Participant: 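Structure incoming, see below.
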Amino acid sequence: QVQLVESGGGLVQTGGSLRLSCAVSGRTFATYTMGWFRQAPGQEREFVAGIGTAAENTYHIESVKGRFTISRDNAKNTLYLDMTSLKPEDTAVYYCAAVRAVGPEYTYSNVYDYWGQGTQVTVSS
């Protein structure tokens, strides 16, 4: 079973930065498409960014473009989300997810097979 563990969340002021990490177990990380999702209280889980097995294939939702960057380090079996210029509306629990062999449908949560436990990001105003 693939295990995903997020870390790096915390409390930050508006305009600050955080780097989220997702450590993935096993020897096949490089074969997985990865995604970041977030969920605020009372809201549905929202896709934030995705990255393909080819790391140059990335997609970020409009509200985070220019502020968030998804990346991966296959040598470390780790997925990252670099967040800058944070806003209070970014406050949520952030989850990483993995699926083997998926295409443009990776913006849909139901295509992912494995999920982390989430890490809380709180941006104070």
Side-chain angles (χ1 to χ4, degrees):
Q1 187 83 331
V2 176
Q3 303 287 327
L4 287 71
V5 180
E6 301 97 333
S7 61
L11 176 64
V12 65
Q13 294 181 348
T14 297
S17 301
L18 286 172
R19 186 181 218 191
L20 305 185
S21 298
C22 174
V24 182
S25 68
R27 301 176 63 86
T28 59
F29 173 73
T31 71
Y32 284 86
T33 291
M34 302 294 298
W36 285 102
F37 292 77
R38 65 187 180 186
Q39 189 166 24
Q43 299 184 21
E44 295 183 358
R45 189 167 296 186
E46 175 190 32
F47 172 81
V48 177
I51 187 166
T53 55
E56 66 270 20
N57 295 326
T58 63
Y59 178 76
H60 303 74
I61 60 172
E62 185 66 28
S63 63
V64 308
K65 285 181 179 177
R67 300 190 299 119
F68 292 10
T69 302
I70 189 171
S71 63
R72 65 194 299 159
D73 186 337
N74 288 345
K76 296 181 178 180
N77 275 30
T78 303
L79 175 75
Y80 301 101
L81 186 67
D82 291 298
M83 305 185 293
T84 63
S85 300
L86 282 160
K87 306 174 181 179
E89 50 263 47
D90 296 318
T91 295
V93 177
Y94 283 71
Y95 300 89
C96 63
V99 62
R100 187 172 183 178
V102 69
E105 64 271 18
Y106 68 2
T107 62
Y108 296 95
S109 62
N110 62 5
V111 310
Y112 289 86
D113 295 318
Y114 306 104
W115 293 82
Q117 83 290 347
T119 187
Q120 176 72 48
V121 172
T122 303
V123 184
S124 65
S125 60

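What you are looking at is a predicted structure, and each value in this text was computed from that prediction instead of being measured. Hydrogens, waters and symmetry mates play no part in the numbers below; they use all other heavy atoms, side chains included.
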Participant: Treating Glu6 as the side-chain partner and Gln117 as the backbone partner, does any N or O pair qualify as donor plus acceptor under 3.5 Å?
Facilitator: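 Between the backbone of Gln117 and the side chain of Glu6 there is a qualifying donor-acceptor contact (under 3.5 Å).
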
Participant: Using the side-chain contact (heavy atoms from CB on, under 4.5 Å) criterion, which residues pair with Ser7? Sequence neighbours excluded.
Facilitator: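 In terms of side-chain contact (heavy atoms from CB on, under 4.5 Å), with neighbours along the sequence ignored, Ser7 is linked to Ser21.
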
Participant: What's the separation between atom CG in Asp90 and atom OG1 in Thr122, rounded to the nearest 0.5 Å?
Facilitator: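 It is 11.0 Å, given to the nearest 0.5 Å.
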
Participant: Atom CD of Gln1 and atom CG of Asp113: how far apart are they, to the nearest 0.5 Å?
Facilitator: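 Result: 9.0 Å between the selected atoms.
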
Participant: Take atom NZ of Lys65 as the centre, draw a 6.0 Å sphere, and report whether it contains more than 12 heavy atoms from other residues, nucleotides or ligands.
Facilitator: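 More than 12 within 6.0 Å, yes.
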
Participant: How many angstroms lie between atom OG of Ser63 and atom CD of Glu46, to the nearest 0.5 angstrom?
Facilitator: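 With rounding to 0.5 Å, OG (Ser63) is 5.5 Å from CD (Glu46).
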
Participant: If we only count heavy atoms from C-beta on, is the Met83 to Val121 side-chain gap below 4.5 Å?
Facilitator: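 Yes, close enough: below the 4.5 Å cut-off.
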
Participant: For the ring pair Trp115 and Phe37, is the centre-to-centre distance below 6.0 Å?
Facilitator: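 Yes, the ring centres sit under 6.0 Å apart.
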
Participant: Taking C-beta and beyond as the side chain, do Trp36 and Ile51 meet within less than 4.5 Å on heavy atoms?
Facilitator: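 Not touching, per the 4.5 Å side-chain cut-off.
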
Participant: Work out which heavy atom in Cys22 is nearest to a heavy atom in Met34; give both atom names and the distance.
Facilitator: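 Distance-wise, the nearest heavy atoms are SG-CE, 4.4 Å.
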
Participant: May I ask you to decide if Arg67's main-chain N or O and Thr84's side chain share a donor-acceptor pair within less than 3.5 Å?
Facilitator: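 Checking the backbone N and O of Arg67 against the side chain of Thr84, a donor-acceptor pair under 3.5 Å is found.
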
Participant: How far apart are the C-alpha atoms of Tyr112 and Thr33, what are their side-chain angles, what is the distance that settles it, and do they pass the side-chain contact (heavy atoms from CB on, under 4.5 Å) test?
Facilitator: CA-CA 9 Å; Tyr112 289 86; Thr33 291; 4.3 Å; yes

Participant: Give me the atom names and distance for the closest heavy-atom approach of Arg19 to Ser71.
Facilitator: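 Closest pair (atom of Arg19, atom of Ser71, distance): NH2-OG, 4.3 Å.
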
Participant: Could you report the tightest heavy-atom contact between Ala49 and Leu81, atom names first, then the distance?
Facilitator: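 Of all heavy-atom pairs spanning Ala49 and Leu81, the closest is CB-CD1, 4.4 Å.
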
Participant: Kindly indicate whether the side chain of Ser17, heavy atoms from C-beta on, has any atom under 4.5 Å from the side chain of Val12.
Facilitator: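 Counting from C-beta outward, Ser17 and Val12 never come under 4.5 Å.
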
Participant: What's the separation between atom CZ in Phe68 and atom CG in Leu20, rounded to the nearest 0.5 Å?
Facilitator: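 Spacing of CZ (Phe68) from CG (Leu20) equals 8.0 Å.
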
Participant: Show your reasoning for whether side-chain contact (heavy atoms from CB on, under 4.5 Å) applies to Tyr32 and Val2.
Facilitator: CA-CA 11 Å; Tyr32 284 86; Val2 176; 3.5 Å; yes

Participant: For Asp73 versus Tyr80, what's the shortest heavy-atom pair and its separation?
Facilitator: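 Nearest pair, atom of Asp73 first, then Tyr80: CB-CE1, 3.9 Å.
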
Participant: Checking Phe29 against Lys76 for the side-chain contact (heavy atoms from CB on, under 4.5 Å) test, could you report, in this order, the C-alpha distance in whole Å, the side-chain angles of both residues, the deciding distance, and whether it holds?
Facilitator: CA-CA 9 Å; Phe29 173 73; Lys76 296 181 178 180; over 6 Å; no

Participant: Just checking Gln13: does its CD atom have more than 12 heavy atoms from other residues, nucleotides or ligands closer to it than 6.0 angstrom?
Facilitator: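 For Gln13, atom CD is not crowded (no more than 12 foreign heavy atoms under 6.0 Å).
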
Participant: Write down the atom of Thr28, the atom of Thr31, and the distance for their closest heavy-atom approach.
Facilitator: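 It is O-OG1, 2.7 Å.
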
Participant: Applying a strict under-4.5 Å side-chain criterion to I, L, V, M, F, W and Y, I'd like to know whether Tyr108 and Val99 cluster together.
Facilitator: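 Cluster IDs for Tyr108 and Val99 match.
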
Participant: In Å and rounded to the nearest 0.5 Å, what is the CZ to OG1 distance from Arg38 to Thr119?
Facilitator: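 Output value for this atom pair is 14.0 Å.
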
Participant: Linking I/L/V/M/F/W/Y whenever their side-chain heavy atoms sit closer than 4.5 Å, directly or via other members, would Leu79 and Val5 fall into one cluster?
Facilitator: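 Different hydrophobic clusters.
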
Participant: Counting only N and O atoms by type, is there a donor-acceptor contact under 3.5 Å from the side chain of Asn77 to the main-chain atoms of Gly26?
Facilitator: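 The answer is yes, because a donor-acceptor pair under 3.5 Å joins these two groups.
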
Participant: Please report the closest heavy-atom contact between Ala30 and Arg72, naming both atoms and the distance.
Facilitator: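 Reported closest heavy-atom pair: CA-NH2, 3.9 Å.
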
Participant: State whether the side chain of Tyr95 and the backbone N or O of Gly35 hold a donor-acceptor pair below 3.5 Å, judged by distance alone.
Facilitator: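 The answer is no, because no donor-acceptor pair under 3.5 Å joins these two groups.
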
Participant: When hydrophobic residues are tied together by side-chain contacts of less than 4.5 Å, even through go-betweens, does Ile70 share a cluster with Tyr106?
Facilitator: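 Result: yes, single cluster for both.
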
Participant: How many angstroms lie between atom CG of Leu11 and atom CD of Gln120, to the nearest 0.5 angstrom?
Facilitator: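 It is 9.5 Å, given to the nearest 0.5 Å.
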
